[in-house]
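These notes are about the structure you will find just below.
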4 protein chains.
Amino acid sequence: MERTGRPRDPLIDDAVRDATVELLTQVGYARLTLEEVARRAGTTKPAIYRRWRTRQHLVLDALGRRLGTNTTRVPDSGCVICDLIGGITVFVTVFRRVPPGVLGALLTDCTGQPGLRTAFMRTLFEPARNAVGEMVDRAKARGDLRADLDRDLAVDLLGALVHYRALFAHASTDSESVTSAVMTLLRGMAARKLDHAH
Amino acid sequence: MERTGRPRDPLIDDAVRDATVELLTQVGYARLTLEEVARRAGTTKPAIYRRWRTRQHLVLDALGRRLGTNTTRVPDSGCVICDLIGGITVFVTVFRRVPPGVLGALLTDCTGQPGLRTAFMRTLFEPARNAVGEMVDRAKARGDLRADLDRDLAVDLLGALVHYRALFAHASTDSESVTSAVMTLLRGMAARKLDHAH
Amino acid sequence: MERTGRPRDPLIDDAVRDATVELLTQVGYARLTLEEVARRAGTTKPAIYRRWRTRQHLVLDALGRRLGTNTTRVPDSGCVICDLIGGITVFVTVFRRVPPGVLGALLTDCTGQPGLRTAFMRTLFEPARNAVGEMVDRAKARGDLRADLDRDLAVDLLGALVHYRALFAHASTDSESVTSAVMTLLRGMAARKLDHAH
Amino acid sequence: MERTGRPRDPLIDDAVRDATVELLTQVGYARLTLEEVARRAGTTKPAIYRRWRTRQHLVLDALGRRLGTNTTRVPDSGCVICDLIGGITVFVTVFRRVPPGVLGALLTDCTGQPGLRTAFMRTLFEPARNAVGEMVDRAKARGDLRADLDRDLAVDLLGALVHYRALFAHASTDSESVTSAVMTLLRGMAARKLDHAH
DNA sequence: TGCTAAGCGAGACGGTACGTCCCGTCTTAAT
DNA sequence: ATTAAGACGGGACGTACCGTCTCGCTTAGCA
């Protein structure tokens, strides 16, 4: 389909995305105003609204570009412990690349807008999970992880821990802490075989 | 310290807190305006600002009252599986009692305000963790959980899962899912004994 | 100069001016609030501030419109006494058309704002004076008034009296009082020729 | 009648009056806040309200003290021109002693409060008029002014001119201007005898 | 001399209105 | 036809100040 009329200036797209990320890191999501984004990008608000329907769409797009579209993968080390640590690292990397606190606020702002929520999940949630899921599959195939282990649950246990600690910052996500968590997840928390007959 | 000047009208305190919770459930955190809170509470903005320094302080206080100050406890069932499920339930309850999305947004808004962040942790984060932590201690004392299990890590693994699923809503936090997670945490994910010599 | 951007809604201009005059007559200048003006005009404060820099500018403009931009004139009756009474009437009319007390308060509020003061003079002060000044010129040309009479002084003597009595309301500005003043001004107060050698 | 209870601190009365006059000269009547008066006087608002019912009462009292309660008099020079100039000077002095613009604003604020208005007149309006009135009486007795000259009108013509020029500042009230006005008032404005048969 | 109560000082309150930031949209001129 | 840009109408903000209420203290007059 052909487009008519004046073509959109592609430089504005980038300038706005850059200004958005810059502002996010400087003042955070809550104090991000399109007025200031437009100012820093050297353009105006209508030009932004023409490209992104809402502030949420803009931030999501800007962050998505920053995270990169190149498929994330967990390197296959052959060692399940190393693989799991690698999996956690994938999650940690997401938080390293996104200004602190933005994820939670953005997610909240997506409440009630299904399309936006889907986009959020596809951009900031699923890529890392898919990479870790594949890693789990490989480890199961190798016989390193239980055959009856639920793939999604495994991914959740790893991802949740990172998310939780990154969000509340009550505990570290560094290598040592992460290794400790991995060992516990592998060995289990139980002291002996247990039944649950209730 | 002396108390002087006209005393604050305690009815306003309650009316504002109630109006805040009501608005949070109706329009969410992002669209909560102090103007509307004041209107519904039958008072004015200055009266609110006199009591709570910021919107965040107000919301935190209102939610804290709603969660109750009565100490949360995990009932001691004697069965470690039941106890762990009970522990998870404590976390789930927090989310059930707080309007959806508020926790994340509020936490984000606390960024950069140490005092506020501390208050947030004390009100909405630590009570549930302490209750679960005590449960873990009991199970360890009974010999149901590994003696070398790190208490905070155990609490994290339970709490993180709930938080993660409640936030992203990609998986359930119902009884069945929770039991499955508990069993995996107890038994561990590994198919056999593993070494990590890297 | 180019005109760009969304044009101002002229209906708002009129609605605000009308609401201003209405409020002035009902509650006076001191209790005039832009909040109430906006409410009655069915608009908001920013829309008002966009049009008038301050409350003073608004009131001045609203009154100016009400007084009319049509040039005031003193009818040429051929009789100097009638002309002078007509001149005084012009001054009286200004006070009749402006809510009581507004002139003084507005003038006071213009203190220290040269631009505003100038606008005040141009709108509420000079038109009547010019009209009376022309009348004085005509009477002098006819030989009814002294050839050496200072035009501005003559205007002052008439205008001051009206202003003084309107403001303090200690004496009337009705036809009889005014005639009496005119006769005194024409004849002079002295009982006989006087010298001043001090 | 005897008073019981703790006596009022007389130092506060003076401190508040002084602070009021100070503020009036610095920021004018419109920006005079009791909050700031109290601050500068080293006291509090209730202490002020206990002494003066309203801001107007306070300002009026403070100005009244400043003008002095000593009866104003126009010196009897024997020369009617000098006397009239002296009369005008009495009016001018009032404005010299009162911060500019305060008179008009205060008068406006007295609208609708009969008691306050009366106090205003007694304090700031009548003393000067009485002094000039006496001067007119003397000049009439001497045969310097017309026997049929209305005393109040004569006072008005002098007072109005000063008030008018002081308020609008469009003309001077210095000695030369004043002499010119006095000569015109004495001689009259008419070029010849005039009849008014309309 | 000690007691009582009226009135005082001071501080904080409940509330009105302020002037401003920012939102999301509309209009014009240019491409 | 569609863009870039400027200004608009309007919602909500956080604050200055108003006039008042409450408290604890001071002081005069009575016991």
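These numbers come from a predicted model, not from an experiment. Protein chains get the first letters and strands the later ones, always in sequence-line order, with residue 1 at the start of each.
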How long is the line joining [atom1] of [X] and [atom2] of [N], in whole Å?
X: C/Leu34; N: E/dC18; atom1: CG; atom2: P; value: 5 Å
X: D/Arg31; N: E/dG19; atom1: CZ; atom2: C1'; value: 13 Å
X: A/Glu36; N: E/dG24; atom1: CD; atom2: P; value: 16 Å
X: D/Arg6; N: F/dT26; atom1: CZ; atom2: C1'; value: 5 Å
X: C/Leu11; N: F/dC8; atom1: CG; atom2: C1'; value: 14 Å
X: D/Asp9; N: F/dC25; atom1: CG; atom2: P; value: 18 Å
X: B/Asp14; N: E/dG14; atom1: CG; atom2: C1'; value: 17 Å

Side chains of B/Thr33 and B/Glu35: is there a donor and an acceptor less than 3.5 Å apart?
-> no
Can you tell me if C/Gln113 and C/Arg53 form a side-chain donor-acceptor pair at under 3.5 Å?
-> no
Assign each of D/Leu32 and B/Pro7 to its nearest nucleotide of DNA chain F by heavy atoms, then name whichever residue's nucleotide is nearer the 5' end.
-> D/Leu32
Pick the nucleotide of DNA chain F nearest each of D/Arg39 and C/Gly42; which residue has the one closer to the 5' end?
-> C/Gly42
Around atom CZ of C/Arg8, are there more than 12 heavy atoms of other residues, nucleotides or ligands at under 6.0 Å?
-> yes
Within-4.5 Å side-chain heavy-atom neighbours: [X] and [Y]:
X: D/Val21; Y: D/Arg17; answer: no
X: B/Asp109; Y: B/Tyr29; answer: yes
X: C/Ile12; Y: C/Arg51; answer: yes

Considering only F/dC17, F/dG9, F/dT27, which nucleotide approaches the side chain of D/Glu35 most closely?
-> F/dC17
Regarding the side chain of D/Thr33, the nearest nucleotide among F/dC18, F/dG6, E/dG14 is F/dC18
Passes ring-ring contact (aromatic ring centres under 6.0 Å, His included), D/Phe168 versus C/Phe125? Steps please.
-> CA-CA 9 Å; D/Phe168 293 105; C/Phe125 186 74; 4.4 Å; yes
Are any of A/Thr43's side-chain N or O atoms less than 4.0 Å away from OP1 or OP2 of F/dA5?
-> yes
Looking only at side-chain N and O atoms, does C/Arg8 come under 4.0 Å of OP1 or OP2 in F/dC8?
-> yes
Please work out which residues in residues 44-58 of chain D have a non-hydrogen atom less than 4.0 Å from an atom of DNA chain F and list them by number.
-> D/Lys45, D/Pro46, D/Tyr49
